[in-house]
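Read the structure below first, then the notes.
Just so you know, these numbers come straight off a predicted model, no measurement behind them.
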Amino acid sequence: MREIRSLDALVTEVASDLIGVDASSVSTAYTRVLRTLVEFFDVHAGYLRHTDHRNRSTVMIAEWPPRPDAPEPDPLGIVYFADSDAAFAACEHLVHPKVFRRPTDNEELRQRIEAAFGYTVASMAVVPLVQEKSIGWVGLIKSYDRTWSEGEINALVAIASMLTQVHARIQAEESLRLAAESDALTGLANRRGFTDDLLRRLSSDAGPVALLFLDLDRLKALNDFYGHSAGDEYLRALADTLRAVTPEATIARWGGDEFVIVMQPSMLDGKPTSPYNVALRVLDAVAATRVTIAGDEITRTASIGVTTATPGVGRVDDIIANADQAALVAKHRGGNSAVLFDSAIRARTALRNDVELHLHDAISNGDLVLHFQPEVDLGTGDITAVEALVRWQHPTRGILPPSDFIDIAESSELATGLGRWVLVDAIRAYSDWASRIPGLDIVLRVNISPAQLLAPEFVTIVAQALDYGSVPPTALCLEITENAVVQDTGQTAKILTMLRELGVGIAIDDFGTGFSSLAHLKVLPLDALKIDGEFVKNLDSDTNDQAIVGAIATLAAAFGLELLAEGVETEAAKSALLAVGCDRAQGYLFSRPVTEAEIIEMLARGAIH
């Protein structure tokens, strides 16, 4: 009765030890259980093995006591049944307890165990873990022969059953975790899984990590033409490509057409390589990925941002954002390229974040100011027009030019509010000038963004601003870019027609750099073409620029449009413009953009000097 009570107490103790065990604590719990068994049964060692039926192998999961001097590779670490001795082979499908006596009769087993433990084993009790079929076993080893009672074996069977239940529970937890951390389409990690993995890497002492942010080029076009199922098929193929080219990395699908890859410093073809070289290898692999859809062979390229991070330095979100920003730079360069994150990108990112956070308040708080650049008659030097140009009086960065925030405003849906402020304040300024300078006869030019132009209330805003400032519509000319035209030609033509009916002039700014065609010039109600400064600065010496400007002048004359130029910096450029029939221009040769007070003085004189 004492033995039964002791064995019952053992089973109860093990059961208590395994209650509440999860994936993070199971390894430690297994070791504690084996220590309890070794001490209770007075044996030399205990171990737990799990069977991998897919590749017919058995893996050491836990053991007691630990073997600090275990050989490498460990002969008991992974054992393949096809290559194993008779004792291991007998355990592959074992469903009932088995006691092996005097395994020294098996020379191969004797050598394996002596190599692993350093002593001869005379007795080994093996109790299988059974879940429909054998999934492993727990073994107890004695260096001399030992008799195992029925009660002892029954207790071990009960404990093996508990270990089986724990294993099943941990597998279920792991399946749920994988489902929560995996992308259903590609089988790669998802954002959560990737972020957790990156956090683990940054919390370890394994050294720097490299992060690649991959943004596919033109996936939307594939979806639009072939359908989303085709896009999904391509993404699955791409996932296989990324696994093959970066086998040691953690790869995740970050968004619809975005992937992230994190790895330790790696090697390619047996040689150390930089993260940038890995990115180039990934670029080549992506470009070589081909999927046949509806009889067509589909390929795509990618834009990749690369950054590195040191454990303990920086936040996970910041590191991913850095690689993302570098990928955006690669995409802006035309795609199919890799860019390393650097201090310049960091500065642009900081500026972008600053603009997105504070531009809205700047519009309403009076932090924006207008500067004005005069346009002159090249023959007389008289001021014929003034272009309103916005500046941001930033509280910490000083005066910011429009190049620092206009593009960001347009990509963050702030362009409409910003453009409205510029338009209204420019008309306010013109109204003030007219009240101070009798007979003022110049045109006010205001740039309009594509989003602003296509806003439903835009024409009403223009009319109300002109009415409020008592400014005649003919004094206002709105400048639009060619890109604004191609976004929605039909709607653009409708809005421009309504503006023309008000009496407002329309000019295409930066002409020659966008995507307009002769058809646009034919259908749009325009008054002027403004030659981009890139074609003007070397006009006296560059024959290509001369040919382009000459062609634009011919177009303007053919369509009865006024011809203007910007970016005039030399007398030679001025003469070249006059030669092709362009008699109005602006540029540093005449004046840089100036404050409102300075432009009033110029307008009072009627000329620059």
Side-chain angles (χ1 to χ4, degrees), residues 178-198 201 209-264 266-269 273-307 319-341:
L178 288 175
E181 296 183 355
S182 299
D183 173 57
L185 176 65
T186 63
L188 300 173
N190 59 16
R191 285 194 176 204
R192 174 182 170 180
F194 182 85
T195 302
D196 289 347
D197 180 83
L198 179 56
R201 291 175 186 264
V209 297
L211 181 69
L212 279 59
F213 194 105
L214 184 153
D215 188 351
L216 281 173
D217 301 326
R218 302 176 295 107
L219 183 67
K220 183 178 183 300
L222 189 155
N223 285 332
D224 290 346
F225 190 79
Y226 293 98
H228 284 275
S229 60
D232 290 348
E233 184 176 347
Y234 176 82
L235 291 175
R236 284 190 289 267
L238 178 63
D240 292 339
T241 294
L242 297 179
R243 290 187 187 96
V245 76
T246 56
E248 302 301 323
T250 296
I251 312 167
R253 184 181 178 206
W254 193 251
D257 57 358
E258 297 172 335
F259 295 80
V260 281
I261 304 170
V262 65
M263 67 192 79
Q264 306 299 138
S266 60
M267 299 180 70
L268 287 177
D269 301 329
T273 187
S274 69
Y276 182 76
N277 286 336
V278 174
L280 295 181
R281 178 70 67 92
V282 172
L283 278 178
D284 290 342
V286 172
T289 300
R290 288 172 165 76
V291 177
T292 300
I293 299 173
D296 297 331
E297 194 172 62
I298 304 301
T299 62
R300 282 295 176 267
T301 57
S303 301
I304 300 180
V306 185
T307 191
I319 293 165
I320 296 173
N322 291 344
D324 185 12
Q325 290 299 318
L328 284 175
V329 174
K331 187 169 285 289
H332 289 158
R333 292 179 181 176
N336 196 26
S337 62
V339 171
L340 281 168
F341 181 80

Does D240 come within less than 4.0 Å of R243, counting only side-chain N to carboxylate O?
yes
State the CG-OG distance between L188 and S182, to the nearest 0.5 angstrom.
8.5 Å
side-chain hydrogen bond (donor to acceptor under 3.5 Å, both in side chains) partners for E233, two or more places apart
none
Salt bridge (Lys or Arg N to Asp or Glu O under 4.0 Å) partner of D183, the single match among R253, R191, R192:
R253
Per the side chain to side chain contact (heavy atoms under 4.5 Å, CB included) rule, which among V262, V278, T241 passes with T246?
V278
In Å, rounded to the nearest 0.5 Å, how long is the span from CZ of R290 to CD1 of I298?
11.0 Å
Checking the side chain of D217 only, and the main-chain atoms of A302 only, is there a donor and an acceptor separated by less than 3.5 Å?
yes
Heavy-atom side-chain contact between Y234 and T289 under 4.5 Å
yes
Taking only residues two or more places apart in sequence or in another chain, which ones pass side-chain hydrogen bond (donor to acceptor under 3.5 Å, both in side chains) with R236?
none
How long is the straight-line distance from CG of N336 back to CD1 of I304, given to the nearest 0.5 Å?
9.0 Å
Looking only at heavy atoms, what is the nearest atom pair of G256 and L235, with distance?
O-CD1, 3.5 Å
Expected output: side-chain R300 to main-chain R218 donor-acceptor under 3.5 Å
yes
Quick check: do L211 and F194 have side-chain heavy atoms less than 4.5 Å from each other?
yes
T307 versus F213: any side-chain heavy-atom pair under 4.5 Å?
no
Closest heavy-atom contact between A279 and L212?
CA-CD2, 3.7 Å
A338 to L280 - nearest heavy-atom pair and separation
CB-CD2, 4.4 Å
Within a strict 4.5 Å, meaning less than it, do heavy atoms of the E248 and M263 side chains meet?
no
Would you say that L238 contacts L216 through its side chain, given a criterion of any heavy-atom pair below 4.5 Å between the two side chains?
yes
Output for pair (T301 OG1, D284 CG), nearest 0.5 Å, gives 11.5 Å
Where is the tightest heavy-atom contact between V339 and Y276, given as atom of each residue plus distance?
N-CE1, 4.5 Å
Please list, chain by chain and in numerical order, all residues satisfying side-chain hydrogen bond (donor to acceptor under 3.5 Å, both in side chains) with D197, sequence neighbours excluded.
R201, T250
Would you mind reporting whether D215 and D257 have side-chain heavy atoms less than 4.5 Å apart?
yes
If you compare all heavy atoms of A326 against all heavy atoms of G305, which two are closest, and at what distance to 0.1 Å?
CB-CA, 3.5 Å
Rounded to the nearest 0.5 Å, what separation is found between the CG atom of D196 and the CG atom of N190?
9.0 Å
Do the non-hydrogen side-chain atoms of I320 and W254 ever get within less than 4.5 Å of each other?
yes
Does some side-chain heavy atom of I251 sit less than 4.5 Å from a side-chain heavy atom of T186?
no
